[in-house]
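Written below as structure tokens is the structure these notes are about.
Naming convention: chains lettered A, B, ... in sequence-line order (proteins, then strands); numbering from 1 in each chain. Just so it is clear, the model here is predicted, and its values are computed rather than measured.
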Protein chains: 2
Amino acid sequence: MEHKKHTPTIKDVARMAGVSIATVSRTINGIDVVNEETVQRVRAAISELNYIPSSAARMLASRKTSTIGLLVPEISGAFFQSMLRGIERGTSLADYDLLIYTTQHILANSDRRSPLAENNTDGLLVFAGSLPQAELLRLSRSQFPVVLLHQTAVEGVQLPAVTVENRQGARSLVDHLIEVHGCRRIVYLEGPHEHEDSMWREQGYRASLDAHGIPFDPALIGHGGFNRHLAQAAIEKLLADNIAFDAVFAGDDDASIGVLVALREAGIAVPQDVAVVGFDDQDFTAALLPSLTTVRAPTEQVGYLAVRQLLRRIQGETVEMKLVLPTALAIRQSCGCG
Amino acid sequence: MEHKKHTPTIKDVARMAGVSIATVSRTINGIDVVNEETVQRVRAAISELNYIPSSAARMLASRKTSTIGLLVPEISGAFFQSMLRGIERGTSLADYDLLIYTTQHILANSDRRSPLAENNTDGLLVFAGSLPQAELLRLSRSQFPVVLLHQTAVEGVQLPAVTVENRQGARSLVDHLIEVHGCRRIVYLEGPHEHEDSMWREQGYRASLDAHGIPFDPALIGHGGFNRHLAQAAIEKLLADNIAFDAVFAGDDDASIGVLVALREAGIAVPQDVAVVGFDDQDFTAALLPSLTTVRAPTEQVGYLAVRQLLRRIQGETVEMKLVLPTALAIRQSCGCG
DNA sequence: ATACTGTATGTAAGCGTTTACATTCACCAT
DNA sequence: ATGGTGAATGTAAACGCTTACATACAGTAT
């Protein structure tokens, strides 16, 4: 009747090993010097009792959580998966935990239990559009470690960011369409509004038009939302409106799926009648028929580097304010090549 | 000089509102009755001070973390993304946090900082193949709330599980191939070995062969690993070995991409020369050309329900031991239809 | 007046760690 | 013998909450 069946604590270990809890703590954390023999005894007790330190107690006492938070507007798109993989690699390499938050709810009802995970993490990775400006401002002022993903410009705030070379990538892509395939009426499907990527890509698109003396036609801008279904609807609308075009820059690869489907259903041949290009170079792009011409973006690497940056900030080091990873054209068949 | 600039605690709130910390705690958590007027004062103090409760302290004091952990072998495949979305929906609806662990490292060096997140979460969602039997056994015995994903049979253990109807789905798929398209030599690309799904799908495949009097030919089994690249290699190997076949059941949609690419490169027409079918019905399948015939699996729903089950277990309720969600044929063109 | 009831709040004991500081002891130089 | 040193360990005070229990008070029934 003497087993009160409770999960073992550091005290139990200490008692069993015949030492004080301080010594147990020391051997667990490997700080200070502990006699080798004592270490052995403590280790033995730990595995004997199947002891697992309470991370809550540890966090409370040490004021650090060994956890980083990831804020995303929503989990969707194969894009996200690559980034997450990079992030997970970064955190687990550093022995940090990863907490994921979707902010759609937060944005809607502001009455969340944990206002912002600040109390729950040592730092935050914030994906484009997951937080309103005001919140970002507050975070920045509070000195809480934050790294922005695919978002660089926050009005009046300087927060470190990691993103990819959108403008140049889009520019080369559209250049290719114009120069190699003679396209003149190129549709651009923009992404979500909060999403800075879309703005840069559009700038690249416009710059290319400019450089080639092609006037910008607002009628050729559709809303693809970086999303398959929206993109499909956007193309259907253009078709219904009888807007003529000879190419579609879908905004990203996800959207290009919708474009492909819409065109196919309308009996329009790709790339013979209309060229289609995407952005990101996701896994499935090579398997589409025609295989998709797109821009390769090192998405996993973005995630990984963002974690590295964040970890540095948590350590109090100063980091590069802006990391822009290079992109490269991935020419396949949907533009008319091959 | 009296601002020692520390993050506000419950004490600061209490002082400012002129009440005791107990009252603050009560109003925050909405338990017990608190005078409406007092509530207002406390609320005001909270927002004035920008107070955020320390979740570590809260966890420690209440012995619950409001967090659930997700264990996956690795983050890959579009499949994962759907499931994660469902899981996230479930957790955020219940105001729980979500902690993600990739177990490849754990499986390799067993000397992780947090042996298993048991101390860190109120319950665990364990995806197929992320944990060795022994560990599962230990968890099961420790009474720690666990729900298995896409894995039902753990030797000697009864743990609640959520999965999809693999066998029947595969069976219908192969039936279709045989009955409608007259296929006789159907390749099956198996998934990762730890992955129970693959086993069931193979059983469905075999059952269909049996039912149609077609002998099982081991030469037609390849290793696709539910992965695009492995699948591509597997098909290339079959081709190189001169094994004749008139259809490929790729195991899952990811693998079918590899199959499509391998066949295309070999100049084999789909579906004219060889029919190709997948499993899962991921987002991109409809955009492939030919569009992919596959089996629709409610992956997001699996994630969502798994969370519900887990939360029930955490609440101490008993739950259904096995939830098997129905699958349905998604007939498109890659089998020869349409 | 007295005792009871219910409402609103306060008091203080944990929760399981980390860590600054104190202690002990052996050893060596004086 | 005396003091100083360093290594190994112990003591106890946080850390910021939750919650069982105690208290205070107003209203109501006796």
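- Taking 4.5 Å as the limit, every side-chain heavy atom of A/Y96 sits out of range of all side-chain heavy atoms of A/T65.
- Heavy-atom distances to DNA chain C give each of B/S62 and B/V19 a nearest nucleotide, and the one nearer the 5′ end belongs to B/V19.
- Interface limits on DNA chain D: the 5'-most and 3'-most nucleotides within less than 4.0 Å of chain A heavy atoms are D/dA8 to D/dG16.
- For the segment residues 310-317 of chain B, the set of residues with a heavy atom within less than 4.0 Å of an atom of DNA chain D is empty.
- Partners of A/E36 by side-chain hydrogen bond (donor to acceptor under 3.5 Å, both in side chains), not counting sequence neighbours, listed by chain and number: A/Q40.
- Using a 4.0 Å heavy-atom criterion, one finds that A/T9 contacts the sugar-phosphate atoms exclusively.
- For A/N227, the side chain to side chain contact (heavy atoms under 4.5 Å, CB included) test picks out A/H229, A/L230, with sequence neighbours left out.
- Ring planes of A/F127 and A/H150: tilted class, angle from 30 to 60°.
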Derivation of the side chain to side chain contact (heavy atoms under 4.5 Å, CB included) call for B/I100 and B/L84: CA-CA 10 Å; B/I100 295 199; B/L84 183 57; 3.8 Å; yes

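- Nearer to the 5' terminus of DNA chain D, by closest-nucleotide assignment, is the contact made by B/A56 (compared with the other of B/A56 and B/R26).
- Taking for each of A/N29 and B/R41 the nucleotide of DNA chain C with the nearest heavy atom, the 5'-most of the two is the partner of B/R41.
- With salt bridges taken as basic N to acidic carboxylate O contacts below 4.0 Å, none links B/R85 and B/E88.
- Between A/R89 and B/E74 there is no side-chain heavy-atom pair separated by less than 4.5 Å.
- Scanning all heavy atoms of the two residues, the minimum distance from B/L136 to B/L159 falls at O-CD2, 4.2 Å.
- As judged by a 4.0 angstrom heavy-atom cut-off over every strand, B/S54 is placed among residues touching the sugar-phosphate backbone only.
- Shown here are the salt bridge (charged side-chain N to carboxylate O under 4.0 Å, His left out) partners of B/E196, two or more places apart in sequence or in another chain: there are none.
- Nearest heavy-atom pair across B/F144 and B/D122 is CZ-C, 3.9 Å.
- Within 4.0 Å (heavy atoms only), A/T38 reaches sugar-phosphate atoms of the nucleic acid but no base atom.
- Of the candidates A/V146, A/L139, A/L137, A/L137 is the only one forming a side-chain contact (heavy atoms from CB on, under 4.5 Å) with A/V157.
- Chain A approaches DNA chain C over the interval C/dG16 to C/dT19, counting the first and last nucleotide 5' to 3' with an atom under 4.0 Å from its heavy atoms.
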